[in-house]
Amino acid sequence: MLYLALVFLVTQFLFGLALIDFFDKKNRLFLFEKILVALIVGEISGYLLTLVFSLLAKDLWLGIIISSVLELAFIFWKNKFIRDVFLAAYYAVKNRNFNRQKSRNFIVGACLVFLVIVVWLAVVFGVLIYDQNDSQIKGILIGWGDGAYHLSMIERLSVASPFEVTQPIFSNSPLTYPFLINFASAILLKFNSGILFAFYAPLVILGLSGIMLFFFIALRFFKSPWWAFAVLLIIIFGSGLGFWQFFQDIKTASATSSYPITETLLNPPHDYTHLDNRTGGKPSSFDSTQNIVWIVPAISFLSHQRSFVWGFAMLAVLILLLWLYRDDFSIWRMGFLAGLVPLVHGHTFLSLAIAGLAWFFWAVFKNKNWKGWILFGVVSALVAVPSLLFLNQGMHFIGQNTGGMFFKPQFGWMTCEHAPGSWFGCLPKIGTDTNAFIFWSKNFGMNFWLWSLFLILSIFGGRKLLRHLNENLYDFLEWILVPSFLIFALSNLFIFQPWEFDNNKVFFNWWILASFVSVGLLYYLVVALTKIRLKYFAVAFAVVAIFLGTFAGILDVQARIFNFKKNHFGYYNDAQFKLAEWIKGNTAPNSVFLVGTSPTTQPAMLAGRQLYLGYTGWLWTQGIDYLPREKNIKEILQDKNLKLACSERIDYMLFDDDLANSYKPIDLDFFKNLDVAYKDESSNIFLIKVNCD
């Protein structure tokens, strides 16, 4: 029923077009901006509407039907507005040749965006592949475990009956992960569209929309497709100074190869945007001491981190609309969109909250529409509170028994390791830095330097000159400069979640804003030097700066694309797939399984069943205290306490190599004498049904 999935997706888009009239009441969006905003808002709002009715009806199909009927009714009510948008788009494309310059810019812009999109898609479609030789799904090395978690979430949300939103790896507990994109995939999977289509469609649709919308935002202010292209390049492929390791690798390869450059490009021994001995990358990168942890966004944020792609798209929508209506009281309407973000991506919502606070004080300072900004904050909070309350159930913000902590004071992000209780002091350790500026420079490279220089110029006397060169552009850059500084500062003062590495998810929102500022400074340099007949020198400098700011990232992206199959690993074998198929057909959708600690446990990932306790790494990063359940499992298995299994509502116990290695020692002979529901002795798989009668 792939056609039903496509109809559903088109309905979401039309629903978004119908909604745009509410948010852009004064028609300030350009035509193609309006279409992209509609696509993003329609998809997210439509899926949220389906989620609400599915929860109320306790049935996913009913939720889909009710929300679709309401959306179609609203589309019919707004049919004249939607028709006018399509007619305007038709005539805009048809008549573009009447203006030669606009037509040329249109073609150039389309080609440049197409180039970025093709490369991004080449990265994205490598996240999950179907290997026909092995007849199974495989995941990319970077994000392999994340892929298993997302697949488990998708399967769980698609089969839950009665419908509920629970952790696939921590049974009968609320899902504390922003899950809306996986809910979207679950709906498409419900239409029997296939797991690859269900996995990729929401990711690609909003990813493409976000990329194009950021291009149009840049085009709105720079008035040139080339400068807008430069902004996109840094946002998506920007990186730090890891390219120095590339030259070292060429030097090393020259001792054994006649073609060291080609050899290093085709088989790079390092990830040049991930050279760190604490969080790793390739094995050789893991042994390096450069302390470069800022992975190129195309790989780190905009591929396997699915929720981030939706957060990226929503950020583009809100930056554009908030800018256009910053001095208009009707800005409060955008609060409805900002309030949806917690279910989309938590770190994007946190960044928007910081930015919103900065923009509010900016409005107070300018004495312009501060009342509208207050109302925007109130509406955002009211819409967001239900999602935040749901997502934060069971999370330990101050600290937890497993050692994680939210909102921990720590200066410099991952500059160094700090002694317990120390905010600024660094512990001496190989592979860390003692100077935060050096760490920022190595990781953020040209983007950090140019952004910092623009910040200094704006504070110390350059504002008047820059504004004179291009007033509209400077006003926008100044408007995003304030929140970008606040996001950067707070991300360097606090760790916002148990794993310090995850602060990069907040930094990426600074990175996006900084990309506009950095390219803006290069633009001003070219404009200023053109006036004194040094245009070609300025352009050459700008090209070199952008090249150096993206070189390491491009190296990693090309390695990802051209080493496609080399970096993929399977999630299951034939015996495990057969087990999952049996579980689908012979167990209740909401049944609970006791399993080992592998991130790729088949009852969840392939059959959508709940795990009593799955991979603890994900639970730790979400602030969930899993130690009591870990203790219970040991008591059930090692003390043979089946009454405890019953009291914990465990329905099945999966005995395989993973369980045996996770909780030693286990008396397997004892459990084999119980109710064996399924077995494959050749693969050492035994599924035991827990009888509590």
Side-chain angles (χ1 to χ4, degrees), residues 23-24 26 28-30 33 37 213-223 227-228 231 234-235 312 314-335 337-338 341 348 351-377 380 447 450-490 506 508-524 527:
F23 296 107
D24 186 30
K26 298 189 177 178
R28 293 178 179 177
L29 289 171
F30 295 149
E33 292 173 342
V37 170
L213 187 55
F214 270 118
F215 178 82
F216 278 113
I217 293 172
L219 191 61
R220 172 184 277 271
F221 296 103
F222 288 99
K223 308 299 182 184
W227 287 111
V231 172
I234 294 180
I235 289 176
F312 173 75
M314 278 297 281
L315 184 67
V317 169
L318 285 163
I319 287 174
L320 180 56
L321 288 174
L322 290 174
W323 163 259
L324 293 175
Y325 287 88
R326 66 195 183 283
D327 296 331
D328 194 301
F329 186 74
S330 63
I331 196 171
W332 65 269
R333 296 168 183 255
M334 314 316 159
L337 296 178
V341 178
T348 301
S351 301
L352 281 170
I354 296 170
L357 190 64
W359 285 324
F360 164 70
F361 284 114
W362 186 255
V364 172
F365 176 74
K366 295 283 188 178
N367 197 25
K368 288 184 177 180
N369 194 35
W370 57 270
K371 292 180 180 178
W373 279 98
I374 288 178
L375 190 54
F376 163 76
S380 300
N447 201 15
L450 293 170
W451 172 81
S452 299
L453 184 56
F454 189 94
L455 180 65
I456 292 169
L457 286 173
S458 296
I459 295 173
F460 298 104
R463 183 177 186 274
K464 186 176 181 180
L465 172 63
L466 296 176
R467 203 163 188 269
H468 173 73
L469 293 173
N470 188 324
E471 182 177 339
N472 187 47
L473 173 62
Y474 184 82
D475 287 346
F476 174 70
L477 296 180
E478 187 179 51
W479 185 72
I480 64 174
L481 184 64
V482 178
S484 71
F485 173 77
L486 196 57
I487 292 170
F488 184 82
L490 290 175
V506 184
F508 182 54
N509 295 289
W510 161 79
W511 179 269
I512 291 171
L513 300 179
S515 299
F516 281 92
V517 174
S518 298
V519 174
L521 182 61
L522 293 174
Y523 166 86
Y524 280 122
V527 172

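Everything quoted here is computed from the prediction, not taken from an experiment.
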Nearest heavy-atom neighbours spanning Trp510 and Ile487: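 It is CB-CG2, 3.9 Å.
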
For Arg220 against Leu29, the heavy-atom pair lying closest together: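 Looking at all heavy atoms of both residues, the closest pair is NH2-CA, 4.1 Å.
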
Kindly list each side-chain donor-acceptor pair under 3.5 angstrom involving residues 351-360, sequence neighbours excluded, with atom names and distances?
unit_1, atom_1, unit_2, atom_2, d
Ser351, OG, His347, O, 2.9
Ser351, OG, Asn509, ND2, 2.9
Trp359, NE1, Trp479, O, 2.8

Between Phe216 and Phe30, ring centroids under 6.0 Å: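 They do not qualify: ring centres at least 6.0 Å apart.
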
Sidechain-backbone polar pair: Trp362 side chain, Ile480 backbone, donor-acceptor under 3.5 Å: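 Answer holds: no.
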
Spacing of Phe508 atom CZ and Ser515 atom OG [to the nearest 0.5 Å]: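 Answer for the CZ-OG pair, Phe508 versus Ser515, is 8.0 Å.
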
Interatomic distance, Met314 atom CE to Thr348 atom OG1 [nearest 0.5 angstrom]: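 Spacing of CE (Met314) from OG1 (Thr348) equals 9.5 Å.
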
Pairing of Arg467 and Glu478 as salt bridge, 4.0 angstrom limit: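 Judged by the 4.0 Å cut-off on N to carboxylate O distance, Arg467 and Glu478 do not form a salt bridge.
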
Ring pair (Phe, Tyr, Trp, His ring centres under 6.0 Å) evaluation trace for Trp451 with Phe454: CA-CA 5 Å; Trp451 172 81; Phe454 189 94; 9.7 Å; no

Note, Asn470 side chain near Phe222 side chain (heavy atom, < 4.5 Å):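 Side chain of Asn470 against side chain of Phe222, heavy atoms only: no contact under 4.5 Å found.
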
Distance under 6.0 Å and angle within 45° of ring axis: Arg333 vs Tyr325: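 No cation-pi geometry.
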
Steps toward side chain to side chain contact (heavy atoms under 4.5 Å, CB included) verdict (Ile235, Phe312): CA-CA 11 Å; Ile235 289 176; Phe312 173 75; 3.9 Å; yes

Worked check of side chain to side chain contact (heavy atoms under 4.5 Å, CB included) between Phe329 and Leu375: CA-CA 9 Å; Phe329 186 74; Leu375 190 54; 3.7 Å; yes

Aromatic plane relationship, Phe476 with Phe516 - under 30° parallel, 30 to 60° tilted, over 60° perpendicular: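 Rings of Phe516 and Phe476: perpendicular, over 60°.
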
